[in-house]
Amino acid sequence: MIEADAYKTSQRCPHCGRYDKVARHRDTHEYICPECGHIENDDEVGAINLMFLGAEYLKGDKTPSFTKMEPGGKKRNAKAAKKNAENTIAENAFVLIR
């Protein structure tokens, strides 16, 4: 079991990596990314992001976290998308939410 901090995981787009507090619509349980247009259930967004953190842990990072991306910056978005593509499977890791 891996312990991970769930703070802001529902505010980060799992596709482009952008953080945006207003992208999470609590009333409809949707996350709509203003950067890339990705739409998903906000709880699923949080779970996907926790899976990414678990994959980073399995790769050897004992304190995985996301680097906050600044709005804009296509080069940074491309790097985040590549990193997310590399982290798509957590290989049976269980994540404990603190």
Side-chain angles (χ1 to χ4, degrees):
M1 188 172 297
I2 300 168
E3 186 174 324
D5 187 358
Y7 184 67
K8 290 190 176 181
T9 55
S10 302
Q11 298 174 18
R12 179 187 177 274
C13 179
H15 284 253
C16 72
R18 178 183 170 135
Y19 281 94
D20 195 326
K21 187 175 184 175
V22 298
R24 181 181 184 197
H25 304 279
R26 292 176 183 265
D27 55 335
T28 60
H29 292 283
E30 282 186 308
Y31 178 89
I32 304 170
C33 181
E35 186 74 25
C36 71
H38 178 70
I39 300 172
E40 193 153 355
N41 175 280
D42 60 352
D43 292 329
E44 290 176 13
V45 165
I48 291 167
N49 284 320
L50 285 169
M51 183 189 71
F52 290 153
L53 291 175
E56 286 300 304
Y57 182 87
L58 292 175
K59 289 180 181 179
D61 183 354
K62 298 305 176 194
T63 56
S65 65
F66 294 113
T67 303
K68 187 173 182 180
M69 293 185 62
E70 298 299 321
K74 290 181 182 178
K75 191 172 187 178
R76 294 180 128 207
N77 289 342
K79 285 182 182 179
K82 182 179 179 192
K83 185 171 181 72
N84 287 345
E86 293 169 356
N87 295 334
T88 54
I89 299 176
E91 298 179 13
N92 300 321
F94 292 94
V95 178
L96 174 67
I97 302 170
R98 321 185 227 178

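Residues: numbered from 1 along the sequence shown.
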Cys16 and Cys13: which non-hydrogen atoms are nearest, and at how many Å? N-SG, 3.5 Å
Val45 and Tyr31 have their tightest heavy-atom pair at CG2-CB, 3.7 Å
Partners passing side chain to side chain contact (heavy atoms under 4.5 Å, CB included) against His29 (at least two apart in sequence or in another chain): Asn41, Asp42, Asp43
Side chain to side chain contact (heavy atoms under 4.5 Å, CB included) against Ala47, all qualifying residues, sequence neighbours excluded: none
One should read off an interatomic distance between His38 NE2 and Ile32 CD1, to the nearest 0.5 angstrom, of 10.5 Å
Could you tell me whether Lys21 atom NZ has more than 12 heavy atoms of other residues or ligands within 6.0 Å of it? no
Atom CZ in Arg18, atom SG in Cys36: separation rounded to 0.5 Å? 9.5 Å
Nearest non-hydrogen partners of Leu50 and Thr9, listed with the distance: CD2-CG2, 4.1 Å
Which atom pair, heavy atoms only, marks the closest approach of Glu56 to Pro64? CB-CB, 3.7 Å
Do you know which two heavy atoms are closest between Val22 and His25, and how far apart they sit? O-CE1, 3.6 Å
I need the minimum non-hydrogen distance between Asp20 and Pro34, along with the two atoms involved. OD2-CG, 3.1 Å
